[in-house]
Amino acid sequence: MDKGLHFTFRVITTMLLLRGSSQAGTTRSDDAVSKGTDSRGPGEGLPTLTVTTILEDPYVMVRSAELEGYCIDLLKALAAMLHFSYKVKVVGDGQYGAVSSTGNWTGMIGEILRQEADIAVAPLTVTSAREEVVSFTTPFLQTGIGILLRKDTVSQEMSFFHFLAPFSKETWTGLLFAYVLTCFCLFLVARLSPCEWNEPKNEENHFTFLNSLWFGAGALALQGVTPRPKALSVRVIAAVWWLFTIALLAAYIANFTALLSSGSEQLPIQTFEDLVKQRKLEFGTLAGSSTFYYFKNSKNPIHQMIYEYMDKRRDHVLVKTYQEAVQRVLESNYAFIGESISQDLAAARHCDLIRAPEVIGARGFGIATTQASLWTKKLSVAVLKLRESGDLDYLRNKWWESSCLHKSRERWSPLQPQALGGLFLTLAIGLALGVIAAVVELSNKSRHAAGHVKKSCCSVFTEEMCTRLRIKENTRQSQETSGRANA
């Protein structure tokens, strides 16, 4: 009887063990624990590592009651190479790891030090302070510190003289100088060449300085104008000027087309110095992150100004999570300072966001282990093998895929009037100047004519205006026509 009960108990125990081991490859998020093994299955005698991580898109995410992301795929690849099983737990306090006011480490670093976890696989930055208490593997991702902005908060207002933007001020100045110099050379050579001006006493030289300026302006507009050069020397100068204007116009059209077809204006905030100088945007970073301490420990004056700004307003500008930072950038006038690779992901997921060009503080994400751990060397070699085989690049492209490029190609909007406002203004000013010049010329002629006919200048000017516009003549003709009809 006792033997039968003992045999039954052993059978039940074995069945329960087999059932538990068959579930070792599943991933669960209800208790924030994920279990997995290498590709060979759980097996007997495989070491099991407790892995701590943090929920951050796209490294670790909860999808359909399971954990997935870049770090989860990386962890699976490492387990397959090094033949270990693992269980994943999300860090309790939601922190990466920093020294608290009591002198203890928080976040994932603290859990490793307290031996609550064996390794940390997360976007955990390798820093000197963390390296003193834990060990890091070879970085699996390279990153830096960048500025995340919302496009409409930093886009420059389109200049009224936007059509001048393709060339710099120095280029326009050089162009004006080259134009005047070329026209002066045309004027000079046309007077010196006998082929152009054969008899100076009896003939009139058509290449006056004003006509030379007009000739050069016509070449700039690709229009043929008079006078036409006769001498070989004048034609050489004209041909060189034509070649210059063709190349110049090609460069202008290319730059102007690129400027108009670009998705956005050049960002006024290009560097961290630009961020400090502006007053429109608030800026901050993750509280207790390595980025915050980077600015705190930096000796750069600009970095010190950034740290002082964030430290004085820490309750208002520092955020607790990366998701909160992205949401705040989207909804308010806020610039987020953080890991550039994470900002690239935010810009890929949210087409309204953009990262400023400057990236400082080159660093990497590594896997943290306890000091003197036997797994540090093994994991470092495995990470290097994954990089050499291209698996890390594959994971990078998989989780950082962007749809904004396709959207920008499909989106089209008509050219706004502000872009060509200065061009229309220039045309209006030119027309006004032409009319004013004509009126001045007519008034000068009227003033001289008034002295001969002994009339007032205004009356002569009015008669000239009516005559040239045929107002008075048409009135007289209509009066004569009506008089004949009455007769």
Side-chain angles (χ1 to χ4, degrees), residues 24 32-40 42-54 56 59-60 67 70-143 288-291 293-294 297 339 361-389 391-392:
V33 175
S34 170
K35 296 182 179 180
T37 63
D38 67 343
S39 57
R40 299 186 309 157
E44 291 290 341
L46 288 180
T48 301
L49 300 180
T50 302
V51 182
T52 180
T53 189
I54 190 170
E56 180 177 329
Y59 304 99
V60 179
L67 295 180
Y70 179 92
C71 289
I72 299 300
D73 288 351
L74 175 62
L75 189 58
K76 291 179 181 178
L78 294 174
M81 293 179 65
L82 301 179
H83 309 294
F84 66 84
S85 60
Y86 59 86
K87 59 179 181 179
V88 179
K89 55 173 294 187
V90 177
V91 61
D93 58 4
Q95 300 294 320
Y96 291 87
V99 180
S100 63
S101 57
T102 60
N104 298 322
W105 281 85
T106 62
M108 292 177 283
I109 302 297
E111 290 190 352
I112 292 179
L113 292 177
R114 294 189 298 270
Q115 297 184 355
E116 298 175 6
D118 297 310
I119 61 174
V121 181
L124 190 61
T125 307
V126 180
T127 63
S128 58
R130 292 170 178 170
E131 189 74 49
E132 290 179 354
V133 294
V134 298
S135 296
F136 280 97
T137 65
T138 301
F140 56 85
L141 272 179
Q142 298 294 334
T143 183
S289 63
S290 60
T291 302
Y293 288 100
Y294 172 85
N297 299 327
E339 303 293 345
R363 53 183 66 189
F365 292 155
I367 300 174
T369 65
T370 57
Q371 286 188 333
S373 173
L374 299 177
W375 289 101
T376 307
K377 181 70 173 180
K378 298 178 181 179
L379 291 171
S380 294
V381 174
V383 169
L384 290 175
K385 289 182 179 180
L386 290 175
R387 179 178 299 166
E388 292 169 356
S389 63
D391 290 338
L392 293 184

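Below, all heavy atoms of this structure are taken into account, side chains as well, without hydrogens, waters or symmetry copies.
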If every non-hydrogen atom of [X] is compared with every non-hydrogen atom of [Y], which pair is closest and at what distance?
X      : Y      : result
Gly94  : Ile54  : O-CD1, 3.4 Å
Gly364 : Pro139 : CA-CB, 3.9 Å
Gly366 : Phe140 : C-CE2, 3.7 Å
Cys71  : Ala122 : SG-CA, 3.7 Å

For this session: Apply the test side-chain contact (heavy atoms from CB on, under 4.5 Å) to residues Val134 and Trp105: give CA-CA distance (whole Å), side-chain angles for both, the deciding distance (0.1 Å), then the verdict.
Result: CA-CA 11 Å; Val134 298; Trp105 281 85; over 6 Å; no
Problem set entry | By ring-ring contact (aromatic ring centres under 6.0 Å, His included) - contacts of Tyr293 (at least two apart) |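 Tyr293 satisfies ring-ring contact (aromatic ring centres under 6.0 Å, His included) with no other residue.
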Problem set entry | Glu111 vs Thr52, side chain to side chain donor-acceptor pair (under 3.5 Å): CA-CA, chis, key distance, verdict | CA-CA 8 Å; Glu111 290 190 352; Thr52 180; 2.8 Å; yes
Under a 4.5 Å cut-off applied to non-hydrogen side-chain atoms, are [X] and [Y] in contact?
X      : Y      : result
Leu141 : Thr143 : no
Arg130 : Val126 : no
Tyr86  : Lys76  : yes
Leu78  : Ile367 : yes
Leu74  : Leu392 : yes
Phe84  : Asp118 : no

As an exercise, state the distance from [atom1] of [X] to [atom2] of [Y], rounded to the nearest 0.5 Å.
X      : Y      : atom1 : atom2 : answer
Lys89  : Met108 : NZ    : CE    : 12.0 Å
Leu46  : His83  : CG    : NE2   : 8.5 Å
Ile112 : Leu124 : CD1   : CG    : 7.5 Å
Leu379 : Leu384 : CG    : CG    : 11.0 Å
Lys378 : Thr137 : NZ    : OG1   : 14.5 Å
Phe136 : Thr376 : CZ    : OG1   : 10.5 Å

For this session: Show your working on side chain to side chain donor-acceptor pair (under 3.5 Å) between Ser135 and Thr369 and close with a plain yes or no.
Result: CA-CA 5 Å; Ser135 296; Thr369 65; 4.6 Å; no
Exercise. Can you name the one residue among Val88, Thr53, Leu49 that meets side chain to side chain contact (heavy atoms under 4.5 Å, CB included) with Leu75?
Worked result: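 Of the listed residues Val88, Thr53, Leu49, the side chain to side chain contact (heavy atoms under 4.5 Å, CB included) partner of Leu75 is Val88.
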For this session: Examine the side chains of Thr106 and Ser100 and answer whether a donor and an acceptor come within less than 3.5 Å of each other.
Result: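 Checked: Thr106/Ser100 side chains show no N/O donor-acceptor pair below 3.5 Å.
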For this session: For the residue pair Arg363 and Ser290, confirm or rule out a side-chain donor-acceptor distance under 3.5 Å.
Result: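 The answer is yes; a qualifying pair exists.
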For this session: Using modelled atom types only, decide if a donor and an acceptor are shared between the side chain of Gln371 and the backbone of Glu132 within a distance under 3.5 Å.
Result: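 Yes; judged by distance alone, with no hydrogens or angles, the pair exists.
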